[in-house]
2 protein chains.
Amino acid sequence: MVTIKEIAERAKVSRTTVSRVINNSGYVSEDAKKRVLKVIEDTGYVPNQYAKSLRTKSTKVIGVILPKISTETSSRLVKGLDEILAKEGYQILLTITNLDPNKEIEYLKLLKSRNVDGIILSATNINEVLIEEIHQGEVPFVTVGQHIAGLANVLFDDYRASRDMVSLFVEKGHKKIAFIGVDEQDHSVGYLRKQGYLKGLEEYGLTAEDKWIQKGKFDVESGYESMKSIMEDAKQKPSAVLAVTDRLAIGAIRYLNDIGLSVPNDIAVAGMGGSELSKYISPSLTTIDFSIEDAGREAAKLLLKQIDGSSCKDVIRLIDHRLLNHFSI
Amino acid sequence: MVTIKEIAERAKVSRTTVSRVINNSGYVSEDAKKRVLKVIEDTGYVPNQYAKSLRTKSTKVIGVILPKISTETSSRLVKGLDEILAKEGYQILLTITNLDPNKEIEYLKLLKSRNVDGIILSATNINEVLIEEIHQGEVPFVTVGQHIAGLANVLFDDYRASRDMVSLFVEKGHKKIAFIGVDEQDHSVGYLRKQGYLKGLEEYGLTAEDKWIQKGKFDVESGYESMKSIMEDAKQKPSAVLAVTDRLAIGAIRYLNDIGLSVPNDIAVAGMGGSELSKYISPSLTTIDFSIEDAGREAAKLLLKQIDGSSCKDVIRLIDHRLLNHFSI
DNA sequence: TTCTAATATGGAATCGATTCCATAGCAACA
DNA sequence: TGTTGCTATGGAATCGATTCCATATTAGAA
């Protein structure tokens, strides 16, 4: 591995001068500069970033903590992040927790020990220990998707999103709207989306039978089962169903098709999440697409701002969403 | 930021001893050890990785170069990589080229300057400059998806996969099999899959009209157009179509549906790639699922082997694939 | 001609770890 | 008692950069 010392010797200058050439700083004669550049070219020399970081503190690396990698959400987020960060010369150091809360803390420590210039956390479970670990350290920090007080947050407006979806149903003439949610422990998908649904009903003076409100997990099967419960147990059958994820919606559609009902003619189904799936199934699935790339870009910008010295305490950025395939209700 | 020096002072030992405690090496008395650990605990000290790497050379970081992040392939690959690497204490430094060949080279240099312990490249365009840049540097290296001579390669058996698909069609009684490919510049998807198709036909003594063999891009629309060309221009209509990606297949199905044909009753369609889509559209799409996570795991293992000192020159690992939804042809 | 300021360069300290080498205490053995 | 070997510890060099400070050269001003 060729070092600055070797470049200096070959170009017959001091290491100081080589450093000046590389960083375009201080006074260097044209002649010396030319010689140094020549040697660098010849040798294919690349400065050792660790030595550099050790001195300068800045590492040009951003740590990213993700719950999962093989989900559309994660990859779209990373895409948005990278768009902004790469442009500014930052690289992404990726860590994946696989939904293990202990790993969240472990990776947080690890990223600090690697002296990353900033950390972006797409959190799942927010707990005391995690928050404490975040606060001690003074590293620029942005969370995405879950709110943590006192930090910079990039959030999706889950509440409004499901209210919007209820509005759309009502516009299309639906009055009996069922709901397939998930556990409310999940603040965003479980709690907020349900609240938005309830609020939507309230705004239009609608009510729902208890049986219309079901709870599933994050998979297709539980969408199927939830829909089954609704159709079998409810006194009145709903004319529309809002599922909080696209997979749940697809499960629901499966069940409806299985019992010979046509979607959306007999009963309308909408999902949330804007998955790619939604446009390829037929008929395409009405859903809400959260602009996850935007969230990534926004998070990256907030982080860069903090790195530049601005304080972003208690900042909240709400990310837009839009309706996809609304014609298919 | 608390350093080893401060720990040493507080514990009334030398930095050497602190280092010994941290790394469990050399002789340290129980007493000294206890004091050091106490101080580390109290201060929340984490060793600076850059200083450490500067001395030891090892960085415990693996550079990964991807063409795109928001594709199923990329995220499944990263998942497989991370499964193995995280277990061994390695982190992933992610770079995304967005299909720009210049970036491939740029990032290669950058990863070297960051002294990563190894590099994994999911390459798109293999060119001279790139190969040269790879060879000079002596960093452990693995490519995924495209073959580069003299290196460790993890490859998918594209050739056999499309031959397998032809076999399946034949088994199901098809004799007139059309093909929607992509540009053969793309060695894996374009060239090999087409060759496999041709070989498959040959093996069963089948032939194809020229018009049955179309070329699209990587999107749904060109699948639609290609299918249209086949149906409008061919003298005989095929009874089956093999598309080299699932999206092309979906486009083809769209067109067939639009002209009132039923899939698979009137004409059978298969894709390749095993996208999630394939199981959620109805009827589900017959496709070939390459075990991309396996590829990731295999690549990681090959890299670790090289880091451990084994030479893996000219190694080729072929990754398995399997048929999905074969009942829907 | 002397002084000042801009230009050009290098020596040496520094960042925070690891590690080679020297030294010292102490027990066992001849 | 002297030698050997194990345990325990610290001093100082080292990794490869950056940067403060000192110094040398040269040009222009007084």
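Chain letters run A, B, ... following the sequence lines, proteins first, then strands; residues in each count from 1.
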Visitor: When we call it a touch if two heavy atoms are under 4.0 Å apart, what does A:Ser19 touch: a base, just sugar-phosphate, or nothing?
Guide: base
Visitor: Between B:Ser25 and B:Ala51, name the one whose nearest nucleotide on DNA chain C is closer to the 5' end.
Guide: B:Ala51
Visitor: Do the charged groups of A:Asp31 and A:Lys34 touch, with an N to O distance under 4.0 Å?
Guide: no
Visitor: Using a 4.0 Å heavy-atom cut-off, write out nucleotides 4-9 of chain D from 5' to 3' as B (base contacted by protein), S (sugar-phosphate only) or - (no contact).
Guide: ---BBB
Visitor: Does B:Asn115 offer a backbone N or O that forms a donor-acceptor pair with the side chain of A:Gln49 under 3.5 Å?
Guide: no
Visitor: Verify the contact: side-chain N or O of B:Lys57 to OP1 or OP2 of D:dG16, cut-off strictly under 4.0 Å; return yes or no.
Guide: yes
Visitor: Between A:Arg297 and A:Asp294 (salt bridge meaning N to carboxylate O under 4.0 Å), is one present in this structure?
Guide: yes
Visitor: If you check the A:Thr56 side chain, which of C:dG11, D:dT18, D:dC15 turns out closest?
Guide: D:dT18
Visitor: Provide, to the nearest angstrom, the distance between the CG atom belonging to A:Asn24 and the P atom belonging to D:dT18.
Guide: 12 Å
Visitor: Is the count of non-hydrogen atoms from other residues, nucleotides or ligands lying under 6.0 Å from B:Lys60 atom NZ greater than 12?
Guide: yes
Visitor: Tell whether B:Thr16 reaches the base of C:dT19 with its side chain through a donor-acceptor pair below 3.5 angstrom.
Guide: yes
Visitor: State which of D:dA17, C:dG16, C:dA17 makes the closest approach to the side chain of A:Leu54.
Guide: C:dG16
Visitor: What pairs with A:Arg114 under salt bridge (Lys or Arg N to Asp or Glu O under 4.0 Å), at least two apart in sequence or on another chain?
Guide: none
Visitor: Side-chain donor-acceptor pairs under 3.5 Å in residues 100-111 of chain A, sequence neighbours left out?
Guide:
| from | atom 1 | to | atom 2 | distance (Å) |
| --- | --- | --- | --- | --- |
| A:Asp100 | OD1 | A:Asn102 | N | 2.8 |
| A:Glu104 | OE2 | A:Thr124 | N | 3.3 |
| A:Glu104 | OE2 | A:Thr124 | OG1 | 3.0 |

